[in-house]
Colleague: 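Structure below; questions to follow.
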Amino acid sequence: MKQEEALEQIRLIREMMQKASHRFLFSPWQWIEWGILIIIGYLATNWLQNHGQPNHIIILWIFIFIVGAALESYIWMVAARRRGIEPFNAFIVKLWAVAFAIMTMSIILSFIFIDLRQALYIPGLWLMTMGVVMVTFFILAERKDLLLFGAAQMVGGILAVSLLLEHSLLVGAVFFGIGALIHGIYSLLKMKHL
């Protein structure tokens, strides 16, 4: 095989892999679902704080993350089935294993912050964590939209643990909740044009 033909084959394979990872890595509905859940969680947390029930906030967020993970898994499986893609192919399993490894430290630190009565640091911690996960997905799956979303999450996380610590939950709702909702709607519109 000539060098030009080999380079063309490599380019075609790379293009095919990029399209596959772009179309399967996330469904727009996963972004929309998380955006809605985070915004609901923020509003419910404010309601609980204003009505003197701060002890229920941890239970609320555990419930939100369980519901979110279950909905995300369902949406992911339906999207995979509809596209005829194996949902547990090696590439996807590696991506989620890396994401879980990154999130494990934040899970542990969240409980430590709760125990130390420093829960205001948790939204910033999770924004930075999700930012790192999205940038990692960008590196592994070459998704430019994930780089932008990840960078926004990291900026929000830094603001939430520093200048805007007193408003860290609001920062989390804006950067992750509204950000995910906008990203999901953008992805949905972009997908319809492909």
Side-chain angles (χ1 to χ4, degrees), residues 25-76 78 96 99-138 145-190:
L25 191 56
F26 290 106
S27 164
W29 296 108
Q30 288 170 274
W31 294 104
I32 292 168
E33 165 247 330
W34 275 113
I36 291 169
L37 283 174
I38 296 300
I39 292 167
I40 289 170
Y42 167 73
L43 295 172
T45 299
N46 278 341
W47 188 87
L48 288 170
Q49 286 175 332
N50 292 335
H51 288 82
Q53 299 179 20
N55 296 337
H56 300 303
I57 292 173
I58 295 169
I59 296 167
L60 167 72
W61 283 99
I62 289 171
F63 177 75
I64 285 172
F65 282 110
I66 290 170
V67 169
L71 282 172
E72 182 174 14
S73 298
Y74 175 75
I75 292 167
W76 183 37
V78 168
W96 287 113
F100 182 73
I102 293 168
M103 288 188 281
T104 300
M105 184 58 73
S106 293
I107 293 168
I108 294 167
L109 287 174
S110 293
F111 286 108
I112 291 171
F113 283 138
I114 290 167
D115 191 48
L116 294 174
R117 303 202 186 287
Q118 297 292 326
L120 285 176
Y121 287 97
I122 295 173
L125 168 70
W126 277 99
L127 282 170
M128 287 187 278
T129 300
M130 294 313 296
V132 171
V133 168
M134 293 302 126
V135 170
T136 302
F137 283 179
F138 158 73
D145 58 328
L146 296 181
L147 176 62
L148 179 62
F149 187 76
Q153 299 315 295
M154 285 193 267
V155 167
I158 291 167
L159 289 173
V161 297
S162 59
L163 299 173
L164 301 174
L165 181 62
E166 292 298 316
H167 306 286
S168 64
L169 190 59
L170 176 60
V171 173
V174 169
F175 277 85
F176 195 81
I178 295 174
L181 196 57
I182 290 169
H183 186 78
I185 293 167
Y186 167 77
S187 299
L188 195 60
L189 293 173
K190 188 175 161 186

Colleague: Look up atom OG1 in Thr136 and atom CE in Met130, then write down how far apart they are to the nearest 0.5 Å.
Modeller: 10.0 Å

Colleague: Please check this pair: side chain of Gln153 against backbone of Phe175, looking for a donor-acceptor N/O pair closer than 3.5 Å.
Modeller: yes

Colleague: Show, in sequence, the C-alpha distance, side-chain angles and deciding distance for Leu188 and Trp29, and conclude whether the side chain to side chain contact (heavy atoms under 4.5 Å, CB included) test is met.
Modeller: CA-CA 8 Å; Leu188 195 60; Trp29 296 108; 3.6 Å; yes

Colleague: Between Trp61 and Trp126, does the ring centroid distance fall short of 6.0 Å?
Modeller: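 Here the rings of Trp126 and Trp61 have centres that are no less than 6.0 Å from each other.
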
Colleague: To the closest 0.5 Å, what do you measure between CE (Met134) and CD1 (Ile102)?
Modeller: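 Result: 9.5 Å between the selected atoms.
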
Colleague: Run the numbers on Leu147 and Val135 for side chain to side chain contact (heavy atoms under 4.5 Å, CB included), then give the verdict.
Modeller: CA-CA 5 Å; Leu147 176 62; Val135 170; 4.2 Å; yes

Colleague: Determine whether the side chains of Glu72 and Trp34 contain a donor N or O and an acceptor N or O closer than 3.5 Å.
Modeller: yes

Colleague: So which heavy atom on Ser162 is nearest to which on Ile158, and how close?
Modeller: OG-O, 2.5 Å

Colleague: What distance separates Trp47 CH2 from Leu60 CG, expressed to the nearest 0.5 Å?
Modeller: 11.0 Å

Colleague: Closest approach of Leu37 and Gly68, non-hydrogen atoms and distance?
Modeller: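 Heavy-atom minimum between the residues: CD1-CA, 3.3 Å.
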
Colleague: Check whether any side-chain heavy atom of Phe111 sits under 4.5 Å from a side-chain heavy atom of Asp115, and report yes or no.
Modeller: no

Colleague: Looking only at heavy atoms, what is the nearest atom pair of Val161 and Leu165, with distance?
Modeller: CA-CD1, 4.2 Å

Colleague: At what distance, to the nearest 0.5 angstrom, does CG of Leu71 lie from CD1 of Ile64?
Modeller: 12.0 Å

Colleague: Indicate the atoms forming the closest heavy-atom contact of Ala160 with Ser168, along with that distance.
Modeller: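 That would be O-CB, 3.5 Å.
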
Colleague: So how far is it from Leu120 CG to Leu125 CG, rounded to the nearest 0.5 Å?
Modeller: 12.5 Å

Colleague: Can you label the angle between the His183 ring and the Phe149 ring as parallel, tilted or perpendicular, going by 30° and 60°?
Modeller: tilted

Colleague: Find the distance between CG (Leu109) and OG1 (Thr104) and round it off to the nearest 0.5 Å.
Modeller: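 Those atoms lie 11.0 Å apart.
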
Colleague: At their closest point, which heavy atom of Ile38 faces which heavy atom of Ala173, and how far apart are they?
Modeller: CG2-CA, 4.0 Å

